[in-house]
2 protein chains.
Amino acid sequence: MMECEEFKPDQHKKEMMAVQDTMDVLRGKWKITILSSICFYNKRRFSDILNDVHGISNKMLSKELKELEINQLITRTVIDTHPVTIHYQLTEHGKTLRTIIDNLTEWGKRHRRKIIGS
Amino acid sequence: MMECEEFKPDQHKKEMMAVQDTMDVLRGKWKITILSSICFYNKRRFSDILNDVHGISNKMLSKELKELEINQLITRTVIDTHPVTIHYQLTEHGKTLRTIIDNLTEWGKRHRRKIIGS
DNA sequence: CAGTATCCGAGTAGATACTG
DNA sequence: CAGTATCTACTCGGATACTG
C-alpha cells in the first residue's frame, strides 16, 4: 500500500472536523436566515429582523442573536435614542459567510425543483 | 468582501426560503459529515461510515442515512455477498453539494483560526 | 423598542442490548 | 455486517405574559 493512502484519510478526518465546526456555528433553525436578513439590509434592528424572518419568536431571535455575537459573526450596537435603538451588523468575519449563504440559496432552489419534479 | 446587492425585499424573502429549504435538508448533527465521508471515498459501507464519523451511534447513522436517501442525496445498494454488503453512494443530485461542503470546510478552518486567535 | 421569564411538548441524541 | 429496539436525558422551539 502506498503511503498517500495512509495520509489522505487522516487529512480527511481534519476536513470533516472543520465541516462540523461550521455546522455547529450555523446550527439552529434560524441562524442563516437571520444572517441573510442582516446582510441584505446591512444594518438591522431587532423588531425588523423579527418581521423579516417569518415564524420566529422573540425568544428564539434573542437567543440566536446572542450565539451569533459570541461567535463573532455579528455586532450589537446600542444607539442612545429614546427609547434606545439597537443595530445588528455583520462583522468582517461574518461577511465571509456570504459565499456559503449564496451557495445554500442556489442549492435550495435546485433542490426544490428536483424534489417537486420527481 | 462583497456586500449584499440591492434586490427587492420580496425577492429576498424567496431567497431566505430557499436557504431554509437547504438547511432543513442538511439539519441534524451528522448529515454533512456523513455526506463528506461518502463523497471522499465514492462508495462507503455502513460500518466504514460509523468509523469515519467520530462519535456517531449506529442508531443515528441509520436514521440520518434514511433521511438522506429520502431526499435523494444518496443511494443504498445491496450487494449479494455473505453476509450482504451495502454500498452508499452520492446521487448526481447529492454530488451538487460538493461545492457547499468544500466551502463549509474552508470556512470552518478559517473560523477556528479566528476564534482561537482572538 | 428590545428584549426576559416561564411553562411545556416534541424532537434529538446517547447508551446498551439484540437480530438475521 | 448492517442494522433494530428500547429506555432515558437533554435540547429545541412555540406560546404567552411581562419589563425598563
Separation of atom CE in M60(B) from atom P in dA5(D), rounded to whole Å: 16 Å

Distance, rounded to the nearest Å, where E64(B) contributes CD and dT4(D) contributes P: 14 Å

Classify the nucleic acid contact of R76(A) as base, sugar-phosphate or nothing, counting any heavy atom under 4.0 Å across all strands shown. sugar-phosphate

When rounded to whole Å, the CD1 to P distance for the pair I79(A) and dG3(C) reads 12 Å

Check the distance between dT12(C)'s P and K29(A)'s NZ and give it to me in whole angstrom. 11 Å

From the options dA2(C), dA13(C), dT4(C), select the nucleotide whose nearest atom is closest to the side chain of T85(A). dA2(C)

Counting the benzene-type ring for Trp, do W30(A) and H54(A) have ring centres under 6.0 Å apart? no

Which of these nucleotides, dG13(D), dG14(C), dA2(C), is closest to any side-chain atom of W30(B)? dG14(C)

Can R98(B) and D102(B) be counted as an ion pair, charged N to O under 4.0 angstrom? yes

Quick one: is dC1(D) close enough that its OP1 or OP2 comes under 4.0 Å of any side-chain N or O from S47(B)? yes

Choosing from dG3(D), dG3(C), dG14(D), which nucleotide comes nearest the side chain of S62(B)? dG3(D)

Side-chain N or O of K31(A) less than 4.0 angstrom from OP1 or OP2 on dG13(D)? no

Q72(B) side chain to H111(A) main-chain N or O, any donor-acceptor pair under 3.5 Å? no

Taking for each residue the nucleotide of DNA chain D bearing the nearest heavy atom, is the 5' side occupied by N58(A) or by G55(A)? G55(A)

H87(B) NE2 to dC1(D) C1': how many Å, rounded? 12 Å

What integer distance in Å separates E67(A):CD from dC12(D):P? 7 Å

Could you check which nucleotide pairs with dA5(D) in any of the strands shown, counting Watson-Crick or G-U wobble with both distances under 3.5 Å? dT16(C)

I'd like to check L65(B) versus R76(B) (side-chain heavy atoms, cut-off strictly below 4.5 Å). Are they in contact? no

Taking the side chain of K63(A) as its heavy atoms from C-beta onward, which of dC12(D), dG14(D), dT12(C) lies nearest to it? dC12(D)

Can you check the K59(B) NZ to dT19(C) P distance for me, whole Å? 19 Å

Any Y88(A) side-chain N or O less than 4.0 Å from OP1/OP2 of dC1(C): no

From CG of D24(A) across to P of dT11(D) the rounded distance in Å is 14 Å

Any donor-acceptor N or O pair under 3.5 Å, side chains T105(B), E15(A): no

